[in-house]
Every structure is written in C-alpha cells, then in structure tokens.
Amino acid sequence: MSNTSHQPAKVVPLGVGYYTVPEAARLLRMQPLTIRRWLGGYSYRTDGIERYMAPLWTPQLPAYEGHFELAFRDLVELRFVHQFNEAGVGLRAIRACLELAREVAHDPLPFSSRRFRTDGRTIFMETISGSDSGSELLDLKKRQYVIGRVLERTFKDMDTDDTVVTRWRPFHGKSSIIIDPARSFGQPIAAEAGIPTATIADAVKAEGSARRVAYLYGITEPVVRDAENFERSLLAA
C-alpha cells in the first residue's frame, strides 16, 4: 500500500471570472511582466544587498506550480493600481493606500469595493499623512487630486452592487460591451446576446460584412461594430 497522501483538489469558485496574465494584460493595456511583478513579487539589489518586494496582494484563484490566474476583482484592482501609477502615484504610496484601505473597507481587495469609491479620498489622505516621507507630505494636495480624478474616471464605466464592482463596460463605457464575471468566464461579450467580442470580430473577418454577422447572430449591426472596434483597440494598445 502506498503511503503517498493525496491532498484534496482546490475547488475554484464559479462566477468569479478567469484571466491568464497575458489576457489581463491585454484588457488592461499593460505589460504582462508588470502584472507578474506586482502580484508575484520580485527580488532586486540595492547597495549590494538582495531585497525582496512582496506582492501587492494574493490573487483570488489558486496558483499552480508558480503560475497564477486572475479573477475579475483582481482585474479591477489591477486597473486601479495601473491607473494610479500612470497618473504619477508611486507604488510605495499605492501600497500604503492599499494596506489602509483593506482595514477601512474590511476587504482584502478594497479598490474593487464600493466602500473605496465612497472613502477613497479620505483613505488616501490618511495614508500619505502617515508617511515618513517629507516629499509625499508636500505632494498631499496634488495626490488627493490625482486619486480623486482616477476614481471618478474609472468608476464611470463600472457597475456596482451594494458592496463590490460587478461589471465593467470596457469600450468607452458603452453598455453594448461588458465584462461580467458571471457570464462567459468574464470574457468581453456583447451584453444582450452574450457572444464573446473576439468571436464577433473573427466572424466579421470571415464573412467580410458586419451586416451579415448581425444577421447570423441575431444582433444589431451597431453591436457588431462595437465588438469589432473594441477588439481592434486591444490589438492597437
């Protein structure tokens, strides 16, 4: 008899969305390496000393042999971090904001919670005020403006329930194209028909006509155009 013990397989919850790192990078228009560093951690040397930067958080889905996939809320969190960073907020400040936001929102993924939308300015102000860095204190007013602007812009194309972000409308905020973790594993779809935008765009290439594809799938031609243009925008990013 074998003494090998068998560990029960981890059950992956349904309705949370599934994204590989390349898929998430494509949707967020960022580099896969950046996602791997932010969520996988990395080592670096400074002054001849090897140091380690811990992940910003642990993704919701279980990792396998060092590889991880992301759930929808991970995707939303990354979107906020990426946009804060693009707006000039350093990762040190973002990390501090994230840690305090977890405490205030009572949520391990606070940026994708409705509570953060309500309390974001206060959370950020308290975080920077508690910093030991004089330069960050001097930039307090500027940073408050930046985070408020990012919050306003980012939540504009997201739908929330009483607690968390539930859907993302990634094509200029239009309701025709959505990312919903409860549908099609969180892949971008035409909202009413539930058809992946990639499928629609490929059909247009094959048929050579948006009108023909609209007829075949029973959707309107404007929705076909939106799906086609959305997929084209991802390729151009």
Side-chain angles (χ1 to χ4, degrees), residues 10 12 16-102 107-113 116 124 127 131 133 135-136 143 146-147 149-151 153-155 157-158 165 168-172 177 179 181 184-188 196-198 201 230-237:
K10 293 183 178 179
V12 179
V16 298
Y18 294 89
Y19 310 90
T20 64
V21 170
E23 286 173 339
R26 177 173 175 262
L27 290 171
L28 296 170
R29 296 166 169 79
M30 57 188 297
Q31 293 299 314
L33 178 61
T34 301
I35 295 177
R36 292 190 177 98
R37 286 167 65 89
W38 285 358
L39 298 190
Y42 60 94
S43 299
Y44 66 99
R45 294 186 69 85
T46 178
D47 298 327
I49 301 174
E50 186 83 12
R51 302 182 186 276
Y52 176 70
M53 185 64 68
L56 289 173
W57 68 87
T58 301
Q60 285 187 290
L61 300 180
Y64 297 98
E65 299 181 355
H67 298 282
F68 57 84
E69 293 181 337
L70 311 179
F72 176 72
R73 290 194 65 189
D74 295 315
L75 192 73
V76 175
E77 296 282 311
L78 274 172
R79 187 177 184 226
F80 275 105
V81 172
H82 180 54
Q83 292 200 9
F84 290 151
N85 195 233
E86 289 285 293
V89 182
L91 277 181
R92 179 182 175 186
I94 292 172
R95 186 183 293 270
C97 178
L98 183 58
E99 290 174 357
L100 183 57
R102 289 190 185 112
D107 193 318
L109 299 173
F111 290 170
S112 57
S113 73
F116 183 70
F124 196 73
T127 301
S131 170
S133 171
S135 63
E136 288 189 348
R143 291 179 186 275
V146 167
I147 198 168
R149 186 181 60 189
V150 171
L151 278 173
R153 180 178 70 241
T154 304
F155 271 109
D157 60 7
M158 291 184 170
V165 173
W168 175 18
R169 290 171 274 108
F171 186 56
H172 308 305
I177 306 299
I179 293 177
S184 298
F185 301 99
Q187 296 304 306
T197 54
F230 171 68
E231 287 294 324
R232 186 180 294 120
S233 73
L234 294 181
L235 292 174

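Numbers here simply count residues along the sequence, with the first being 1.
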[X] to [Y] - nearest heavy-atom pair and separation:
| X | Y | answer |
| --- | --- | --- |
| Gly186 | Ile179 | O-CG2, 3.1 Å |
| Ile147 | Cys97 | CD1-SG, 4.2 Å |
| Pro108 | Arg102 | O-NE, 3.1 Å |
| Ala198 | Glu231 | N-OE2, 3.4 Å |
| Phe68 | Ile35 | CZ-O, 4.1 Å |
| Ala54 | Tyr52 | CA-CE2, 3.6 Å |

Are any non-hydrogen side-chain atoms of [X] and [Y] less than 4.5 angstrom apart?
| X | Y | value |
| --- | --- | --- |
| Phe80 | Ile94 | no |
| His82 | Arg29 | no |
| Tyr19 | Asp74 | no |
| Glu77 | Pro110 | yes |
| Phe171 | Thr197 | no |
| Trp38 | Met30 | yes |
| Thr154 | Val76 | no |

Find the distance between [atom1] ([X]) and [atom2] ([Y]) and round it off to the nearest 0.5 Å.
| X | Y | atom1 | atom2 | answer |
| --- | --- | --- | --- | --- |
| Gln60 | Phe72 | CD | CZ | 10.5 Å |
| Glu99 | Trp57 | CD | CH2 | 12.5 Å |
| Met158 | Arg153 | CE | CZ | 11.0 Å |

Among Leu27, Leu61, Leu78, find the one that has a side chain to side chain contact (heavy atoms under 4.5 Å, CB included) with Leu70.
-> Leu78
On the 0 to 90° scale, with breaks at 30° and 60°, tag the Phe111-Phe116 ring pair as parallel, tilted or perpendicular.
-> tilted
Is the number of heavy atoms from other residues, nucleotides or ligands under 6.0 Å of Phe185 CZ greater than 12?
->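 Incorrect, the count does not exceed 12.
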Arg73 (side chain) donor-acceptor with Leu109 (main chain) under 3.5 angstrom | yes
Does the Gln83 side chain pair with the main chain of Leu151, one donor and one acceptor, at a distance under 3.5 Å?
->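 Answer holds: no.
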Restricting to pairs with a member in residues 79-90, which pass salt bridge (Lys or Arg N to Asp or Glu O under 4.0 Å), not counting sequence neighbours?
-> Arg79-Asp157
With a 3.5 Å cut-off and no angle check, do the side chains of Thr46 and Arg51 form a donor-acceptor pair?
->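 Short answer, no.
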